[in-house]
Engineer: 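Right, I'll just put the structure down here and ask away after.
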Amino acid sequence: MLSRVLAIVTLFMAMAVADASAQSDYYVRKAQEYQREAEYYQKRAADYRREAEYYLKRAEEYQKEAAYYTRRGDVERAKSYARYAEQEMDRYETQMRYAAEADDKAARYLRYAADALDKS
């Protein structure tokens with residue numbers, strides 16, 4: 001009888017350890033998943049910034065063209081290039097906003113990963 005109780009207690013202890021190990025593995029896997037998500041959003045933010053730089057460069061080129069045509073007295077063409085420059089600046093600001101949002105998401109997923117590791 002005593003050996004049977006001892007066997008049951010040992011079995012329950014082994015199951016408890018296995019359950020704790022499984023939960024620990026779960027949180028480690030979740031942390032890894034969150035870290036992958038964070039890396040994805042960090043890459044997206046870098047892509048958005050790269051595209052924003054492109055739009056900023058184009059805006060500068062259009063502003064130079066507008067100044068050139070203003071000096072030459074071609075007001076209509078200067079207005080067109082000024083409008084193009086403004087549109088490129090809008091695109092630049094949009095891409096920078098997207099980059100900031102992606103950075104925020106990456107930071108949020110890194111917090112989630114840290115919380116999951118704390119639970120493990």
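Remember, it's a predicted structure, so these values are computed and weren't measured experimentally. Hydrogens, waters and symmetry mates play no part in the numbers below; they use all other heavy atoms, side chains included.
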Engineer: For Tyr84, which residues count as a ring-ring contact (aromatic ring centres under 6.0 Å, His included) partner, sequence neighbours excluded?
Structural biologist: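 ring-ring contact (aromatic ring centres under 6.0 Å, His included) list for Tyr84, sorted by chain: Tyr62, Tyr81.
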Engineer: So, taking the atom named CD in Glu65 and the one named OG1 in Thr70, what distance separates them when rounded to the nearest 0.5 Å?
Structural biologist: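 One gets 10.5 Å once the value is rounded to the nearest 0.5 Å.
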Engineer: Hey, what do you get for CG (Leu56) to CD (Glu61), rounding to the nearest 0.5 Å?
Structural biologist: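 Here the rounded value is 10.0 Å.
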Engineer: Per the ring pair (Phe, Tyr, Trp, His ring centres under 6.0 Å) rule, which among Tyr48, Tyr55, Tyr92 passes with Tyr98?
Structural biologist: Tyr48
Engineer: Between Arg36 and Glu33, does any NZ, NE, NH1 or NH2 come within less than 4.0 Å of an OD or OE carboxylate oxygen?
Structural biologist: no
Engineer: Any chance you could measure Met96, atom CE, to Arg49, atom CZ, to the nearest 0.5 Å?
Structural biologist: 6.0 Å
Engineer: Given side chains that start at C-beta, do those of Glu39 and Gln35 come closer than 4.5 Å, heavy atoms only?
Structural biologist: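 Glu39 reaches Gln35 side chain to side chain.
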Engineer: Can you list the steps and then say if Glu60 with Lys57 is a salt bridge (charged side-chain N to carboxylate O under 4.0 Å, His left out)?
Structural biologist: CA-CA 5 Å; Glu60 290 170 352; Lys57 185 176 179 181; over 6 Å; no
Engineer: Which word best sums up how the rings of Tyr109 and Tyr34 line up, parallel for under 30°, tilted for 30 to 60°, or perpendicular for over 60°?
Structural biologist: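 It falls in the tilted class, 30° to 60°.
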Engineer: Using a strict 4.0 Å threshold on nitrogen-to-oxygen distance, state whether Arg50 and Asp47 make a salt bridge.
Structural biologist: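 A salt bridge is present here (some side-chain N lies under 4.0 Å from a carboxylate O).
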Engineer: Got a second to check how far Gln42's CD is from Asp103's CG, nearest 0.5 Å?
Structural biologist: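 Reported value, rounded in 0.5 Å steps: 8.0 Å.
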Engineer: With side chain to side chain donor-acceptor pair (under 3.5 Å) as the test, pick out the partner of Tyr40 among Lys43, Glu37, Arg44.
Structural biologist: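 In the set Lys43, Glu37, Arg44, the residue that makes a side chain to side chain donor-acceptor pair (under 3.5 Å) with Tyr40 is Arg44.
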